Amino acid sequence: AIKGYWDVEHHVAQPEGGWKVNRYTRENVVTAAGMNRIANRAVNMTVNSWFNYLVIGTQTSAPADTDTQANVGEVTNGRKIAAVNIQSREWISLTSTWAGNADGLTGIALDSAAISDYVNSSASTGLIANRVNGMAVTLAASDFLNLTVRIRVGSHNQAHTT
């Protein structure tokens, strides 16, 4: 199975000034639709959208490879196009940042994240490639949430043939 990770950075403003940064990594579940799309892009150029949106939500249930948009619990202002996207022969990676006050996300318990191929939440049009939970982040007005998702799609073993 394809494996990936979400790197979470919660920047918490300190009363005396400066920031306390909480960093941790959570493993994600790549969905069946995500695996199929990644495989399809390798051999077929007919796929007309790519996974370049990061989505945050409130869902706390365990991720599954059958997850859809509805399983994220997407919040208002919780979808952003990736500010940074990187690919190599082994990894794909997307990064975005949310600000508590600027994005209207203060006081909301954010526990899940996903990447999507669509500009807005649409069960009939868009799909998610993966989902993670366990972020356990609640932003204050001055806080920032920086997320980087990494999905391993290749191999270090260049002689690998199966």
Side-chain angles (χ1 to χ4, degrees), residues 1-10 22-98 103 105 108-139 144-162:
I2 298 174
K3 188 169 197 152
Y5 309 90
W6 282 85
D7 298 323
V8 180
E9 288 187 5
H10 181 192
N22 300 313
R23 289 184 178 95
Y24 48 92
T25 298
R26 298 284 187 258
E27 287 189 12
N28 72 58
V29 170
V30 179
T31 65
M35 288 186 279
N36 289 340
R37 176 69 59 85
I38 290 167
N40 190 11
R41 288 295 286 185
V43 297
N44 188 350
M45 291 302 293
T46 62
V47 176
N48 58 13
S49 60
W50 52 90
F51 295 110
N52 61 340
Y53 295 92
L54 282 85
V55 183
I56 55 175
T58 59
Q59 185 62 260
T60 59
S61 65
D65 70 350
T66 55
D67 282 350
T68 65
Q69 303 256 2
N71 297 106
V72 179
E74 185 174 347
V75 297
T76 303
N77 299 325
R79 182 176 295 246
K80 290 194 174 191
I81 195 163
V84 177
N85 58 48
I86 299 168
Q87 62 89 171
S88 69
R89 70 173 171 240
E90 187 174 1
W91 294 93
I92 58 173
S93 175
L94 302 167
T95 301
S96 274
T97 302
W98 289 262
D103 289 315
L105 295 171
I108 300 170
L110 303 170
D111 204 55
S112 64
I115 59 173
S116 176
D117 68 343
Y118 202 64
V119 67
N120 57 40
S121 181
S122 171
S124 62
T125 306
L127 57 93
I128 62 170
N130 74 343
R131 184 169 77 86
V132 68
N133 75 336
M135 290 194 318
V137 170
T138 301
L139 297 175
F144 292 89
L145 173 62
N146 179 277
L147 295 178
T148 298
V149 60
R150 300 174 284 130
I151 300 174
R152 186 174 183 186
V153 295
S155 172
H156 280 299
N157 181 353
Q158 304 230 352
H160 188 73
T161 58
T162 58

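Treat the numbers as computed from the prediction; the structure is a model and nothing was measured.
The closest donor-acceptor contact from the side chain of Ser116 to the backbone of Ile128 lies at 3.5 Å or more, if one exists at all. Between the side chain of Asn77 and the main chain of Asp103, a donor-acceptor pair closer than 3.5 Å is present. No donor-acceptor pair closer than 3.5 Å links the side chain of Arg79 to the backbone N or O of Glu74.
For Pro63 against Asn133, the heavy-atom pair with the smallest separation is CD-OD1, 3.3 Å. Tyr24 and Gly134 make their closest contact through CE1-O, 4.2 Å (heavy atoms, listed as atom of the first residue, atom of the second, distance). When all heavy atoms are compared, the tightest approach of Asn130 to Val30 is CB-CA, 3.8 Å. Taking every heavy atom of both residues into account, Ala82 and Ser96 meet most closely at CA-OG, 3.5 Å. Of all non-hydrogen atoms in Leu147 and Ala113, the two that sit nearest each other are CD1-CB, 4.0 Å.
Pairs engaging residues 125-136 under the salt bridge (Lys or Arg N to Asp or Glu O under 4.0 Å) rule: Asp67-Arg131 [sequence neighbours left out].
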Check: Going through the checks in order, is the side-chain contact (heavy atoms from CB on, under 4.5 Å) test met by Leu145 and Val8?
Finding: CA-CA 7 Å; Leu145 173 62; Val8 180; 3.8 Å; yes

Next item on the list: Any chance you could lay out the side-chain contact (heavy atoms from CB on, under 4.5 Å) test for Thr31 and Leu127, step after step, and finish with the verdict?
Entry: CA-CA 9 Å; Thr31 65; Leu127 57 93; 5.5 Å; no

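Every side-chain contact (heavy atoms from CB on, under 4.5 Å) that Thr60 has, sequence neighbours left out, goes to Asp111. For Thr68, the side-chain contact (heavy atoms from CB on, under 4.5 Å) partners at least two apart in sequence or on another chain are Ala70, Asn71. By the side-chain contact (heavy atoms from CB on, under 4.5 Å) test, Glu27 pairs with Lys3, Tyr5, sequence neighbours left out. Residues that satisfy the side-chain contact (heavy atoms from CB on, under 4.5 Å) test with Thr148, not counting sequence neighbours, are Asp7, Ser93, Thr95, Asn146, Arg150.
A distance of 6.5 Å separates CH2 in Trp6 from CD1 in Ile115, rounded to the nearest 0.5 Å. Distance check: Leu94 CG to Gln87 CD gives 11.0 Å after rounding to the nearest 0.5 Å. Going from atom OG1 of Thr97 over to atom NZ of Lys80 covers 7.0 Å, rounded to the nearest 0.5 Å.
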Donor-acceptor pairs under 3.5 Å, side chain of residues 52-59 to any protein atom, not counting sequence neighbours: which ones?
residue, atom, partner, partner atom, Å
Thr58, OG1, Gly73, O, 3.4
Gln59, OE1, Ser61, N, 3.4
Gln59, OE1, Ser61, OG, 3.4

